[in-house]
Amino acid sequence: MSAAAATRSFHAPVMVSEIAEVFAPVGSGLVVDATLGGGGHAEALLDQHPGRTLLGIDRDPDAIAAARERLAPFGNRVVYCCGRFDRLGELVAACDAGPPVGVLFDFGVSSHQLDSAERGFSHRHDGPLDMRMDQRAPLDAATVVNTYEPERLGELLRRNAQERFADRIASAIAEARPLRTTHQLADTVRAAVPAAARRGRRHPAMRTFAAIRIEVNDELNLIEPAIRAALGCLLPGGRIATLTYHSGEDSIVKVIMHQSADGVCECPSTLPCICGAAPAVRLLRRKVTRPSAAEVERNPRSASALMRAAERLTRAGR
């Protein structure tokens, strides 16, 4: 795929005006877009202040190509890195531009990935069972679907997608092996669930596809180290914003943000505090921000987005 074609196929950035509002007060300096995608959020943040530079991180080479095309007018104000966002700390250090004034995470899968049949992310398009965000990675969806024991499959369906028919689906997948394509998997899941579940507004395989994608890309396990690395390197007064799309992602972010805002003491409860616990951030809102009704109408895929944001405090908690 050409860079121009990749740029056109990436989704419009979700809640871009709300994200820009979060970062408006921080002014000039380094901003890290840890999930660069097609560069939509990055473009808005660079446009917002001429004194900003940006480190764009994404593990999908297609995303890097699309972002390069979109952000070309900003020239050397942008540094690109094809890698995982849990390496944020070392990537910021290697950038040698000082502590960032802002860090953005837009978790989940992009429209480009969902709409590319050859990537195998969606039940809507027939393609190989792949689902790797980084196609150099060894684990793909076909391996999960065709080699995991039914018990392990059922557990990941419950853990990653809160699938209520997890055991039925896992058993059906095991019996139908080998499965090679997305439509084969979708049809197997559809046949496994009760008839009432097949009549819903959403395809009954949506949760299964999401759960397998999360497993393939180890998505949930990367969030905590990435958020903690971001909070650790942010300049005091700098800001962090996250966009999540399901409860598993949001619960991880919520716990870390609230712990950092509350200054949770790690000392034994029977002893005086010696760890110097103090708030590390100020929550800009204690509850999530959701997209407007107008945005959801314009971009239905934004409907599940949840935004959280915080401001880094000094070491003294001020």
Quick check against the 3.5 Å criterion: does [X] have a side-chain atom that pairs as donor or acceptor with the backbone of [Y]?
X: D130; Y: G120; value: no
X: S260; Y: A280; value: no
X: E149; Y: E151; value: no
X: T35; Y: F107; value: no
X: E311; Y: L284; value: no
X: N146; Y: A142; value: yes
X: R168; Y: A192; value: yes
X: R290; Y: L306; value: no

* Could you tell me which residues satisfy side-chain hydrogen bond (donor to acceptor under 3.5 Å, both in side chains) with T53, sequence neighbours excluded, listed by chain and number? =>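 T53 satisfies side-chain hydrogen bond (donor to acceptor under 3.5 Å, both in side chains) with no other residue.
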* What pairs with R286 under salt bridge (charged side-chain N to carboxylate O under 4.0 Å, His left out), at least two apart in sequence or on another chain? -> D262
* **From CA spacing to verdict: side-chain hydrogen bond (donor to acceptor under 3.5 Å, both in side chains), Q113, R132** => CA-CA 9 Å; Q113 290 163 335; R132 291 173 295 175; over 6 Å; no
Does a salt bridge link [X] with [Y], judged by any charged N lying under 4.0 Å from a carboxylate O?
X: D60; Y: R119; result: yes
X: D47; Y: R52; result: no
X: R136; Y: D134; result: yes
X: R87; Y: E90; result: yes
X: E219; Y: R213; result: yes

With a 6.0 Å cut-off (strictly less than), is the heavy-atom count around [atom1] of [X], excluding the residue itself, greater than 12?
X: R124; atom1: CZ; result: no
X: E21; atom1: CD; result: no
X: E297; atom1: CD; result: no
X: R285; atom1: CZ; result: no
X: R159; atom1: CZ; result: yes

* **Test item: E249 and I214 side chains (from C-beta on) under 4.5 Å apart, heavy atoms** =>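 E249 does not reach I214 side chain to side chain.
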* Student check: side-chain heavy atoms of T242 and M307 closer than 4.5 Å -> no
* Asked: Just by distance, with hydrogens left out, do Q184 and R177 show a side-chain donor and acceptor under 3.5 Å apart?
  ->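 Looking only at side-chain atoms, R177 and Q184 do not form any donor-acceptor pair under 3.5 Å.
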* State, without any angle test, whether S247 and D250 hold a side-chain donor-acceptor pair at a distance under 3.5 Å. => no
* To do: Please name the pair of heavy atoms, one in A305 and one in Y245, separated by the smallest distance, quoted to 0.1 Å.
  =>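 Looking at all heavy atoms of both residues, the shortest contact is CB-CE2, 3.6 Å.
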* Write down the atom of L45, the atom of L104, and the distance for their closest heavy-atom approach. =>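 Shortest heavy-atom separation between L45 and L104 comes out as CD1-CD2, 4.4 Å.
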* Asked: How are the rings of F85 and F105 set to each other: parallel, tilted or perpendicular (split at 30° and 60°)?
  -> perpendicular
Working to the nearest 0.5 Å, report the span between [atom1] of [X] and [atom2] of [Y].
X: L88; Y: L55; atom1: CG; atom2: CG; result: 7.0 Å
X: I223; Y: I252; atom1: CD1; atom2: CD1; result: 4.5 Å
X: L46; Y: H41; atom1: CG; atom2: NE2; result: 13.0 Å

* Could you point out which residue of D106, L54, V78, D58 forms a side chain to side chain contact (heavy atoms under 4.5 Å, CB included) with D33? =>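 When D106, L54, V78, D58 are each tested with D33, the side chain to side chain contact (heavy atoms under 4.5 Å, CB included) holds only for L54.
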* **Given D140, L185, L129, the one that forms side chain to side chain contact (heavy atoms under 4.5 Å, CB included) with I212** =>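 Between I212 and the candidates, side chain to side chain contact (heavy atoms under 4.5 Å, CB included) is satisfied uniquely by L185.
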* Asked: Checking side chain to side chain contact (heavy atoms under 4.5 Å, CB included) for the pair R312/L235: CA distance, chi angles, key distance, verdict?
  -> CA-CA 7 Å; R312 186 72 165 90; L235 195 71; over 6 Å; no
